[in-house]
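Some notes on the structure that comes next.
Letters A, B, ... mirror the listed sequences (proteins, then strands); counts begin at 1.
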2 protein chains.
Amino acid sequence: MTEPDRPKTSTAAALNRLREMILSGELSAQSDHLEAELATRLGMSRTPVREATLVLQGMGLLEVRPRKGVRIKPITIRDMEEVYEILTELESLAAARAAAAGYSADDLRALKEATEEMDAALAREDRAAWAAADEAYHTELVRLGGNSRVIGIVQMYNDQVRRARAATLDARPLPTASNADHRALYEAILTGDAEGAREIHRRHRIAARKLLTAILSDLGQPYV
Amino acid sequence: MTEPDRPKTSTAAALNRLREMILSGELSAQSDHLEAELATRLGMSRTPVREATLVLQGMGLLEVRPRKGVRIKPITIRDMEEVYEILTELESLAAARAAAAGYSADDLRALKEATEEMDAALAREDRAAWAAADEAYHTELVRLGGNSRVIGIVQMYNDQVRRARAATLDARPLPTASNADHRALYEAILTGDAEGAREIHRRHRIAARKLLTAILSDLGQPYV
DNA sequence: GAATTCAACTACGTATACATTAAAAGGAGA
DNA sequence: TCTCCTTTTAATGTATACGTAGTTGAATTC
């Protein structure tokens, strides 16, 4: 456990705080916020807020709309489909690359631990813990893939998945099927079966996508 | 031919100009530039330059290094391998989605025209025209795929491919094999063969990657 | 001669002031 | 009452000022 060190600059602080506020829903989807308002809320001037919003726009969490304030982006079903399509391809790539890399069981320990964590959380019916372990699992998977840009993109889009997940946490059934997938993927990576790893993970992600979009649809989220 | 309208804001102007300067090599790889220097060069104050460099950092074209100026990112072989891996997956996805979308021959006209343009350029041995048509082809392909985020990511990474290509334009052989691939992909999309389209494009991209990295290696580009 | 300390410099980070211009409000005319 | 034009407002885009901290280079010490 490393302490998240306090940001060196106000811009970094604004970036972290605003990101958290969006992910937690404190800044709700579709809401508008003036630069000056956010600056006051964060106790700084407009300059660092402006710089942070530019970056957040690049991450797809909000949209800068001149004279109307920044608009926190909604979570539409269409958006989630796009994000899941990309995560499916890039994580599957990472799985294939990880398998090809010839990792030892020791190298894959973090992956295995995340799997076991998910099992445990599932047994306790602890959705929050399960979600955290699931995220750790996906993060570790792309890390093993070894492509730094894939790592960055996946982290970025995982933020958006987290937002959708936060909106659906209690509505979704416990994801019983996932753990079998995770174990199969672990085996494929360990035995160096690149295309097998790719396909296992792709199917896993496609199932997850169907689940989430069905729930969003039930909850009345707009398609666009 | 639509005239590229002049940017509404200085920040947008700085973004366009700096991007062009990096892609053209006017700001060479590995070079450092102070904010004040760039501001003077662009005839504006530091503020819009700062904002532009933040975005360009997000696009991976430069790195902001406090008190050392922004560093224009080098084009390493490792970087290109990462970029090509991602482009391979996302464009293959786009190809599959385009095939699944059931486009008519009319819908695919722009794709076909780009192919023919490449043929023609190849016959003239006009590498620059070929490169332009090739880029149009890839852009149109992902547009047909219909995932707006894929379009954005591919455009972003195409900037980096363009940089590498600019460094290798005269060193590479004429890409004779490409056109057969393009025609086969066209057929697969038209007939709705999603998995065929995906595989054809994946193989195409893998070959292109091998070609470029071999050339970069010959030219003595550093691996990292 | 090498290492360390100190002082000056300077580039950046941030606040603030100001110009610009889109949007909103208000008023006149039909 | 509706529409169009004018006026006003206010949020942004940009410039600028300034404090701070990282860097450099020189001076001093070992």
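When the P atom of D/dA15 is taken as reference, atom CD of B/Glu35 falls 13 Å away, rounded to whole Å. Taking atom NZ of A/Lys68 as the reference point, atom C1' of D/dT12 lies 14 Å away to the nearest angstrom. The interatomic distance linking A/Asp32 (CG) with D/dA10 (P) rounds to 18 Å, in whole Å. Rounding to whole angstrom units, CD of residue B/Glu51 and P of D/dG13 are separated by 8 Å. When rounded to the nearest whole Å, the span between CZ of A/Arg67 and P of D/dT9 equals 16 Å.
The shortest side-chain heavy-atom distance between B/Arg163 and B/Ile72 falls under the 4.5 Å cut-off. A heavy-atom distance below 4.5 Å is found between the side chains of B/Met80 and B/Gln160. In this structure, B/Glu117 and B/Glu113 have side chains that are not in contact, with every pair of non-hydrogen atoms separated by 4.5 Å or more.
For D/dT12, the OP1/OP2 oxygens have no side-chain nitrogen or oxygen of A/Arg50 closer than 4.0 Å.
At distances below 3.5 Å, at least one donor-acceptor pair connects side-chain atoms of A/Asp126 with backbone N or O atoms of A/Ala129. A/Arg71 places no side-chain N or O within 3.5 Å of a backbone atom of A/Asp32 that could act as its donor or acceptor partner. The closest donor-acceptor contact from the side chain of B/Thr40 to the backbone of B/Ala36 lies under 3.5 Å.
Partners of A/Tyr137 by ring-ring contact (aromatic ring centres under 6.0 Å, His included), not counting sequence neighbours, listed by chain and number: A/His182. Partners of B/Ser148 under the side chain to side chain donor-acceptor pair (under 3.5 Å) rule, at least two apart in sequence or in another chain, are A/Glu82. Partners of A/Arg19 according to the side-chain contact (heavy atoms from CB on, under 4.5 Å) rule, which considers only residues two or more places apart in sequence or in another chain, are A/Leu23, A/Leu56, A/Met59, A/Leu61, A/Asp159, A/Arg162.
First and last contacts of DNA chain C with chain B, using any nucleotide atom under 4.0 Å from a protein heavy atom and ordered 5' to 3', fall at C/dA11 to C/dT14.
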Could you write out each protein N or O paired with an N or O of nucleotides 16-18 of chain D at a distance under 3.5 Å?
from: D/dT16; atom 1: O4; to: B/Thr47; atom 2: OG1; distance (Å): 3.4

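More than 12 heavy-atom neighbours from other residues, nucleotides or ligands sit within 6.0 angstrom of CZ on A/Arg65. By the neighbour-count criterion of 12 heavy atoms within 6.0 Å, atom CZ of A/Arg97 is sparsely surrounded, having that number or fewer from other residues, nucleotides or ligands.
Listed by residue number, there are no residues of residues 53-66 of chain A with a heavy-atom contact under 4.0 Å to DNA chain C.
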